[in-house]
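Down below is the structure, laid out as structure tokens.
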Amino acid sequence: MAPFDINKVKADFPILNETVNGQPLVYLDSSATSQKPVQVIDRINQYYNHENANVHRGVHTLGTRATDGYEGAREAARRFINAQYFEEVIFTRGTTTAINTVAHSYGDMVVEEGDEIVITQMEHHANLVPWQQLAKRRKAVLKYIPMQEDGTLDLRDVEATITDRTKIVSVAHVSNVLGTINDIKAIAKLAHDKGAIMVSDGAQAVPHMTVDVQDLDVDFYAFSGHKMVGPTGIGVLYGRKSLLNKMEPIEYGGDMIDFVGLQDSTWTELPTKFEAGTPLIAEAIGLHAAIDYLESIGLDEVLKYEHELTSYAYDKMSEIEGLEIYGPGPDKRAGLITFNLAGVHPHDLATALDSDGIAIRAGHHCAQPLMKWLNQSSTARASFYIYNTKEEIDLLVDSLKKTKEFFSYEF
Ligand SMILES: Cc1ncc(COP(=O)(O)O)c(CN[C@@H](CS)C(=O)O)c1O
């Protein structure tokens with residue numbers, strides 16, 4: 001594998017040539033959605049120009065090309081997360097749909113009144129609200145693992161929160177606000193020791209580090225293509241085959257059936273049982289190109305480069321008086337920094353930075369319970385990926401200092 005070449009990577013992303021308010025775009029919002037390399041864009045165009053047809057149904061040549069592309073993407077996704085079987089890779093619209101599928105299909109099947117569902121207060125709404133609503137539907141108990149002051153989890157608290165009544169434990173692999181990297185492998189063992197299953201939200205992990213679902217020993221794992229240089233509208237639910245086989249589909253229609261009678265029907269095999277209707281063909285093929293792109297760089301290289309950027313940003317931002325960073329130190333976090341600048345509302349801050357061509361996110365980041373835990377109504381967040389540079393972080397820091405001065409001017 002060739003050494004990481006930032007200039008080559010940047011050249012792969014056409015959108016990075018954009019100017020914003022007369023300045024070169026500095027895109028620091030990859031945690032919301034990543035940008036796309038020409039390799040992904042061209043692959044999707046190639047599909048629509050030369051391979052487009054519906055899958056699994058047609059006996060004509062284009063149908064075969066489309067089916068090969070779609071199922072080839074599934075094998076690529078299986079390899080990418082090291083799932084044991086291709087049937088364990090279910091294509092969904094994204095992380096949100098994936099987790100909702102588990103909550104409705106597995107949750108409604110096994111959770112009884114008085115059972116426990118264990119999550120954390122750092123969760124994105126996609127890994128909190130589905131469990132909250134499941135608990136309400138089944139009259140179960142939704143419990144939260146206490147967090148340390150720095151936004152990490154102490155495994156002793158995890159162990160103490162999980163009991164013999166716990167049926168489901170669901171924890172983010174990486175927090176989209178704190179950047180905390182949770183020890184999912186250890187939490188999965190604690191869950192299994194008490195007879196519970198382990199679900200993990202990998203939306204902020206899969207784009208940035210090697211994820212091996214067999215090593216983690218998770219039962220379900222979810223991620224989104226648009227956060228890992230892939231297109232929107234595609235994600236993956238990884239599910240242990242033995243569990244998926246017991247679960248009922250939650251969407252019914254074409255492709256997912258075996259036999260349809262007048263009063264009842266039977267379902268086809270995995271994975272199509274969970275992929276009703278015309279599937280996400282072009283999106284899956286785009287995800288395959290995204291997987292190939294990240295694998296051509298190497299996920300260990302991605303993590304190493306992002307750690308360098310994040311540590312540099314953490315140190316430079318920490319020097320700004322009145323700027324508060326939330327979450328653990330640079331060695332315990334992934335490539336994002338959530339912060340506030342005293343006296344400047346995050347939305348004003350993001351607007352000011354945008355005038356300098358710098359894109360960050362402001363708000364609650366779909367993590368309102370975590371904002372409550374932070375005792376903040378909203379925050380600003382800069383997130384980094386393979387196409388960002390230390391020079392861009394210097395531009396961010398300069399713009400933060402300029403904005404601080406502007407809002408603290410006393411007439
Ligand atoms: C940890 C985590 N879990 C689930 C999701 C939802 O992913 P979807 O592709 O939208 O289904 C996200 C997406 N977080 C974006 C949009 S709110 C952010 O700016 O942080 C996430 O970060």
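Predicted, not measured: the structure shown is a model, and the values here were computed from it. One is the number of the first residue; the rest follow in order along the sequence. Counting convention: from 1, in listed order, for ligands and their atoms alike. These values consider heavy atoms only, across backbone and side chains, with no hydrogens, waters or symmetry-generated copies.
Not close to ligand 1: G235, with no non-hydrogen atom less than 4.0 angstrom away.
Residues R381 and D29 are paired through a salt bridge, judged by an N-O separation under 4.0 Å between the basic side chain and the carboxylate.
For atom 15 (C) of ligand 1, the nearest non-hydrogen atom from the set R93, K227, E123 comes from K227. Compare R361, H365, Q204 by their heavy atoms: the one nearest to atom 22 (O) of ligand 1 is in Q204.
At a threshold of 4.5 Å between non-hydrogen side-chain atoms, the residues M109 and K246 count as touching.
With hydrogens and angles ignored, the 3.5 Å screen pairs no side-chain donor or acceptor of E324 with any backbone N or O of N340. With hydrogens and angles ignored, the 3.5 Å screen pairs a side-chain donor or acceptor of D154 with a backbone N or O of R156.
Numbered from 1 in the order shown, with element, the atoms of ligand 1 that lie under 4.0 Å from a heavy atom of A32 read 15 (C), 18 (C), 19 (O). Residue contact check: C366 has heavy atoms under 4.0 Å from atoms 17 (S) of ligand 1. Against a heavy-atom cut-off of under 4.0 Å, H226 is close to the following atoms of ligand 1: 8 (P), 9 (O). Listed by atom number, the atoms of ligand 1 under 4.0 Å from S224 heavy atoms are 7 (O), 8 (P), 9 (O), 11 (O).
The neighbour count for E75 CD, taken as heavy atoms of other residues, nucleotides or ligands under 6.0 Å away, is above 12. Heavy atoms from other residues, nucleotides or ligands lying under 6.0 Å from CD of E321 number 12 at most.
Scanning the protein heavy atoms around atom 21 (C) of ligand 1, the nearest turns out to be H124 CD2, 3.4 Å. At the shortest separation from atom 10 (O) of ligand 1 among protein heavy atoms lies T96 OG1, 3.9 Å. For atom 3 (N) of ligand 1, the closest heavy atom belonging to the protein is D201 OD2, 2.6 Å.
The shortest N or O to N or O distance between T97 and ligand 1 is not under 3.5 Å.
Checked against a 6.0 Å centroid threshold, the rings of Y106 and F220 count as neighbours.
The part of A203 lying near ligand 1 is the side chain, judged by heavy-atom distances below 4.0 Å.
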request  = Verify side-chain hydrogen bond (donor to acceptor under 3.5 Å, both in side chains) between H364 and S378, making sure each step is shown before the conclusion.
outcome  = CA-CA 5 Å; H364 54 66; S378 65; over 6 Å; no

